[in-house]
**Q** 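Handing you a structure now.
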Amino acid sequence: MGTTGLRAALYVRQSVREDQGIAQQIAECRGRAAGENWPVVDVYNDNATSATKDRGAGTEWSRMLADIDAGKVDVIISVAAARLLRRVEDVLEITRRGVRVVTLRDGIDTGSSFGKAILFILVALAESEIEEKEARAIPYRAARREAGHPAPGRVPYGYEWVPKINRDPKGTRYAIREDEASILRKMNADFRAGDSLGSIARGLNDAGTFTRQGKPWHASTVRRVLLSPFPAALLPPPMPEGVHYKPELADMTKCRPGAWEPILSEDELLAARHIILTSERHARAHDGNTRPKWMLSTVGRCGACGGPLRSCMTKTTATSERGYRCTKGCFQRPAAPIEEYVTEAVIGVLSKPGLLRRAPESAPDLGTLRDKKRSIGAKRDAWFTRVKAGTLTPEQWDELSEGWTAEIHELDAAIADALQADPLAEILDADDIRGMWECLSTGRQRVILSALADWVAVHPVGKGRRVRTLEQTEGTVTFKWKKQRKVAKLDGTGINVLPPAVPEGSKAAIAAALSSWS
């Protein structure tokens with residue numbers, strides 16, 4: 001085959017993300033392909049990718065090799081050998097495939113034996129230089145980590161990078177961005193109070209608050225932000241070779257204190273991480289999403305048989321709407337009037353002056369839990385010095401460390417449980433209970449309902465009877481209000497002034513609860 005008509009792959013790469021630099025590389029490579037009359041198969045763009053490490057699955061390098069193996073590519077064009085290759089083993093990967101390499105700025109063309117030799121020499125020299133540079137950098141990186149400074153790269157949400165010229169005497173590299181930090185604090189508080197990742201994302205999007213890149217929030221992006229150890233000023237350990245950083249993989253027992261100001265406390269971070277990772281393990285064990293989605297999920301029951309309720313679609317001759325049904329077939333009713341009735345009952349209970357009063361919580365002593373965790377960490381660090389001194393083998397260390405790590409994880413879980421946010425705290429302090437309730441997501445509403453009531457019973461109304469209004473719903477929905485809680489309890493008098501939407505049976509339950517506190 002002659003040189004005209006060779007199918008060209010354009011490979012562009014740089015170690016840091018900078019779209020302008022990539023665009024310039026693409027323009028140069030396209031110009032060379034056009035000048036040679038080579039049709040371009042594709043552009044393989046490895047922006048923010050290092051060539052000194054393995055470029056495995058998921059990289060454009062890997063995709064390009066697959067296309068070469070499929071017989072789609074005859075020649076690779078890159079602006080320089082350093083953009084394409086930084087390791088001798090990568091040169092071998094290319095040359096054994098018999099594909100031609102053309103680089104523009106250093107004039108290499110492996111269409112000749114001389115060009116192949118020059119490419120090998122350049123890459124071998126570059127690899128040797130990189131190895132020497134890495135050797136010099138190891139002590140620096142260790143010292144930087146010991147001081148709690150992060151490496152350059154993507155800055156975590158809630159912070160901005162401080163250029164070297166603007167750093168304080170301690171060399172602090174992250175400064176808090178208050179606009180993002182306030183969002184992060186609310187995310188964490190809402191999630192610990194029972195809101196779902198999806199509802200937090202929807203709330204941010206509805207408020208016109210988007211990600212740093214100007215894109216809508218998704219449950220996955222909220223999850224990543226809530227799992228990150230950086231907002232608690234914790235520096236995670238380096239990932240193993242070839243493993244991309246993921247916040248859920250960060251071993252919290254090996255994090256170091258960071259040299260920047262925290263946005264969240266360590267306890268708040270650990271509580272959110274514990275909820276996310278525990279619920280995900282539970283969901284995987286059940287092969288699906290087990291998170292409840294509607295107001296009466298988990299708390300609703302059938303007033304006839306006592307069985308649980310499920311969401312369904314109720315159908316008439318003209319319309320179809322969401323409803324609730326008894327799992328044993330006792331009834332099926334439209335959801336809207338039931339949820340409106342429940343809303344009025346809950347607002348009535350929360351709005352009654354003096355009805356709900358804070359009570360001290362019989363929670364674990366957080367100070368004791370934290371002290372125990374610090375003690376185990378100090379013991380582990382002291383024993384690790386024996387590994388460095390050679391008086392303890394790595395195998396012995398692994399056995400000891402496994403037990404300590406398990407204890408620390410148990411303590412983290414206990415701290416997380418103790419820090420579960422009071423679901424009633426925000427709404428009890430609100431001046432406008434109704435306005436606050438209507439602004440809450442369904443998930444938050446359900447958590448508050450569950451904090452107030454053991455169950456909500458929905459009763460059959462008989463075939464042919466339509467229940468559409470609050471007045472018609474009266475008596476067909478009853479509540480079993482909780483008589484006592486850890487963080488709130490019923491107290492006060494004057495139960496007869498509660499709004500009429502609260503059923504008589506519920507009033508009696510509240511009155512009984514009130515008398516138990518006298």
**Q** Is the closest side-chain heavy-atom distance between Glu266 and Leu234 below 4.5 Å?
**A**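 Contact flag for Glu266/Leu234 side chains = yes.
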**Q** Please say whether more than 12 non-hydrogen atoms of neighbouring residues, nucleotides or ligands are located less than 6.0 Å from CD in Glu160.
**A** yes
**Q** Without swapping roles, check the side chain of Arg224 against the backbone of Ala219 for a donor-acceptor pair under 3.5 Å.
**A**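 Absent.
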**Q** If you define the side chain from C-beta out and look only at heavy atoms, does anything of Tyr174 sit under 4.5 Å from Val162?
**A** no
**Q** Would you say Asn188's side chain and Glu268's backbone share a donor-acceptor pair under 3.5 angstrom?
**A**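 Yes, Asn188 side chain to Glu268 backbone: donor-acceptor pair under 3.5 Å.
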**Q** Considering only residues two or more places apart or on different chains, which pairs with a residue in residues 201-214 satisfy side chain to side chain donor-acceptor pair (under 3.5 Å)?
**A** Glu180-Arg212
**Q** With a 4.5 Å cut-off on side-chain heavy atoms, are Tyr44 and Val12 touching?
**A**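 No, too far: nothing below the 4.5 Å cut-off.
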**Q** Taking salt bridge (charged side-chain N to carboxylate O under 4.0 Å, His left out) as the test, write out the residues that go with Arg434, two or more places apart.
**A**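 Here the qualifying residues are Glu344.
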**Q** Begin with the C-alpha distance, continue with both residues' side-chain angles, and end with the deciding distance and a verdict on side chain to side chain donor-acceptor pair (under 3.5 Å) for Glu339 and Tyr324.
**A** CA-CA 10 Å; Glu339 292 177 352; Tyr324 288 107; 2.5 Å; yes
**Q** Side chain to side chain donor-acceptor pair (under 3.5 Å) for Trp294 and Ser311? Distances and angles first, verdict last.
**A** CA-CA 7 Å; Trp294 307 112; Ser311 180; 3.0 Å; yes
**Q** Give a yes or no answer on whether the side chain of Asp168 reaches the backbone of Gly171 with a donor-acceptor pair at less than 3.5 Å.
**A**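 Yes, because the side chain of Asp168 sits within donor-acceptor range (under 3.5 Å) of the backbone of Gly171.
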**Q** With the side chain counted from C-beta on, respond yes when Trp61 and Thr49 share a heavy-atom pair under 4.5 Å apart, and no when they do not.
**A** no
**Q** Are Phe210 and Leu204 close enough that some pair of their side-chain heavy atoms sits under 4.5 Å apart?
**A** no
**Q** Should Cys312 and Gln332 count as side-chain neighbours, where that means a heavy-atom distance under 4.5 Å?
**A** yes
**Q** Output yes when a side-chain donor or acceptor of His218 lies under 3.5 Å from a complementary backbone atom of Gly198, and no otherwise.
**A**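 Here the side-chain-to-backbone pair does not exist.
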**Q** Please step through side chain to side chain donor-acceptor pair (under 3.5 Å) for the pair Arg333 and Thr476, ending with a clear verdict.
**A** CA-CA 11 Å; Arg333 291 178 53 181; Thr476 71; 3.1 Å; yes
**Q** Using the test ring-ring contact (aromatic ring centres under 6.0 Å, His included), find all partners of Trp217 that sit at least two apart in sequence or belong to another chain.
**A** Tyr157
**Q** For residues Leu269 and Met252, determine if any side-chain heavy atom of one lies less than 4.5 Å from a side-chain heavy atom of the other.
**A** yes
**Q** With rounding to the nearest 0.5 Å, note down the distance linking OG1 in Thr59 to CG in Asn45.
**A**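 Here the interatomic distance stands at 11.5 Å.
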**Q** Rounded to the nearest 0.5 Å, what separation is found between the OG atom of Ser199 and the CG atom of Asp190?
**A**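 The OG atom of Ser199 sits 8.0 Å away from the CG atom of Asp190.
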**Q** Between the side chain of Arg173 and the main-chain N/O of Pro150, is any donor-acceptor distance below 3.5 Å?
**A** yes
**Q** Are Arg301 and Trp455 packed together at the side-chain level, in the sense that at least one heavy-atom pair is separated by less than 4.5 angstrom?
**A** yes
**Q** Walk me through whether Asn47 and Gln14 qualify under side-chain contact (heavy atoms from CB on, under 4.5 Å).
**A** CA-CA 5 Å; Asn47 199 358; Gln14 55 193 9; 3.2 Å; yes
**Q** Taking Arg273 for the side chain and Pro247 for the main chain, is one N or O donor matched with an acceptor at less than 3.5 Å?
**A** yes
**Q** Would you say the side-chain atoms of Arg256 pair up with the backbone N or O of Gly148, donor to acceptor, closer than 3.5 Å?
**A** no
